[in-house]
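So the structure is just underneath, and the comments pick up after that.
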Number of protein chains: 2
Amino acid sequence: MALASENLTKNQKTVLDILENSSEPLKAYTILFDIQKKGIKSPLQVYRALDKLIEIGKVHKIESRNSYVACKHDGCNAKTSTSFLICENCDSVTELTGNNLFSYFSKQAEKNNFNYKKHNLEIFGLCENCKLKN
Amino acid sequence: MALASENLTKNQKTVLDILENSSEPLKAYTILFDIQKKGIKSPLQVYRALDKLIEIGKVHKIESRNSYVACKHDGCNAKTSTSFLICENCDSVTELTGNNLFSYFSKQAEKNNFNYKKHNLEIFGLCENCKLKN
DNA sequence: ATTGTAATGTTATAATATAACATTTATGTT
DNA sequence: AACATAAATGTTATATTATAACATTACAAT
C-alpha cells in the first residue's frame, strides 16, 4: 500500500506540481493556461485533477476566491475541513493546523443543537511581511 | 438619519424581500428568475442590489455555495465577517452570533503573526431537525 | 485473459459574475 | 427653485468558473 500521492496519474501530477511550486493559490484557468504545453487542453482535465487532489487532501480550495492551493502538511488531515489565513495585501495563504479548531467548532455547533461534521474557515487580514511594510 | 434599510431603492427592496421570505439561501439567478415579473430583467440588477445589501449588512454571501441569505439580526454587525451553520441534508443555514468568535480568531491569527481583520466561517453538518430524522 | 474501475480526451454548454456606457433618480447646497 | 453631484438604473455584451455527455484508453484485481 503506497501513499496516495505516489499513485497520481500524469495529469494529477502535472496539476499538483504547478500548485506546489506556486507561492500563491492559483485559479483553475490559470493552471490550465500554464500547463497547456504539457498536453492539458481543456478545463475539464484541470478540474478533474483538482477534484482528485482535493479528495486525497493534497490540495484545498479557497472558496471565497475560487482558487486552489497545495497542502504543505504531510499526511494532512484536512481532507474535509480547511482553515486559512489570507493576506488581503499580497494574497498569500497560510493554512492553520491543529485540531483545537475542530473541538472549538464542535462546541459552538452543539450550542445550536447542530451536529458538526466539517468546516471551512477563512481569516482575512495582514500577513507578517505586509504588516511590517504598512 | 434613518436606518439604512429604510433607504433602500426599489430593486434593493425587491431582492431583500425575496431573500427574507425564503427559508433557504438563494442563488443570484434563482432570485433573478423569481422576480422578473417585478421588472428586474438582467443579472446585473440582481448583483448590484446584492452588493449594496451585503455592504449594509442586510445580506450575507455563503461563499462555498454561491448563494445569498438575508440576515435576521437587527443591526447585524456582520458587515464583514460571517459565521454559518449549514445543514448538509436540508441546506438550511443558521448564522452564528457573538463576538467570542472574533476574539478566538484574533488569537489564532496572532500565533502566526497575522493581523486579523475579518473572517468567513462555514460549519457543515446536520441541523436539529435532520439529526432527529436520520 | 477478462472484467471492472478509474482516468482520459474532446466538444459543447451551463452557471456565476462583471465591463462599459448612456440615462434617470435622489440628495444636498446655494 | 436651480443646480451640482453622487448613486442607482437599464441595457447589451462578455468574462469567468464549472459541469454534462459520451467515446476511448489505461490499469489493477481476480
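Chain identifiers are assigned alphabetically (A, B, ...) following the order of the sequence lines, protein sequences preceding nucleic acid strands; residue numbering begins at 1 within each chain.
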It should be established whether [X] places a side-chain nitrogen or oxygen under 4.0 Å from OP1 or OP2 of nucleotide [N].
X	N	value
B:Thr9	D:dT9	yes
B:Gln45	D:dT9	no
A:Lys10	C:dA7	no

Item checked: CD on B:Glu128 to CG on B:Leu132, rounded to 0.5 Å -> 6.0 Å
Using whole Å, what does the distance between atom [atom2] of nucleotide [N] and atom [atom1] of [X] come to?
X	N	atom1	atom2	result
B:Lys52	D:dT9	NZ	C1'	14 Å
B:Leu53	D:dA8	CG	P	10 Å
A:Asn7	C:dA7	CG	C1'	13 Å
B:Ile40	D:dT12	CD1	C1'	17 Å

Can you tell which of [options] lies closest to the side chain of [X]?
X	options	value
B:Lys27	D:dA18, C:dT16, C:dA7	C:dT16
A:Tyr47	D:dT19, C:dA17, C:dT10	D:dT19
B:Asn11	D:dA18, C:dT16, D:dT9	D:dT9
A:Ala28	D:dT9, D:dA18, C:dT16	D:dA18
B:Arg48	D:dG10, D:dT17, D:dC22	D:dG10
A:Leu44	D:dT17, D:dA20, C:dT16	D:dA20

Next item on the list: Between A:Lys61 and B:Ser42, name the one whose nearest nucleotide on DNA chain D is closer to the 5' end.
Entry: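 On the 5' side of the pair lies B:Ser42.
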Next item on the list: Name the residue closer to the 5' end of DNA chain D, choosing between B:Gln12 and B:Asn66 according to the nucleotide with the nearest heavy atom.
Entry: B:Gln12
Next item on the list: Please evaluate the base of D:dA15 for a donor-acceptor partner in the side chain of A:Tyr29 within a cut-off of under 3.5 Å?
Entry: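 Check fails, no donor-acceptor contact within cut-off.
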Notebook entry, point to check: Would you say B:Lys117's side chain and A:Ile123's backbone share a donor-acceptor pair under 3.5 angstrom?
Noted result: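 No; zero donor-acceptor contacts below 3.5 Å.
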Check: Between B:His119 and B:Thr82, does any side-chain donor sit less than 3.5 Å from a side-chain acceptor?
Finding: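 Looking only at side-chain atoms, B:Thr82 and B:His119 do not form any donor-acceptor pair under 3.5 Å.
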Note to self: When you measure from the centre of the six-membered ring of B:Phe124, is the NZ or CZ of A:Lys118 closer than 6.0 Å and no more than 45° off the axis?
What the structure shows: yes
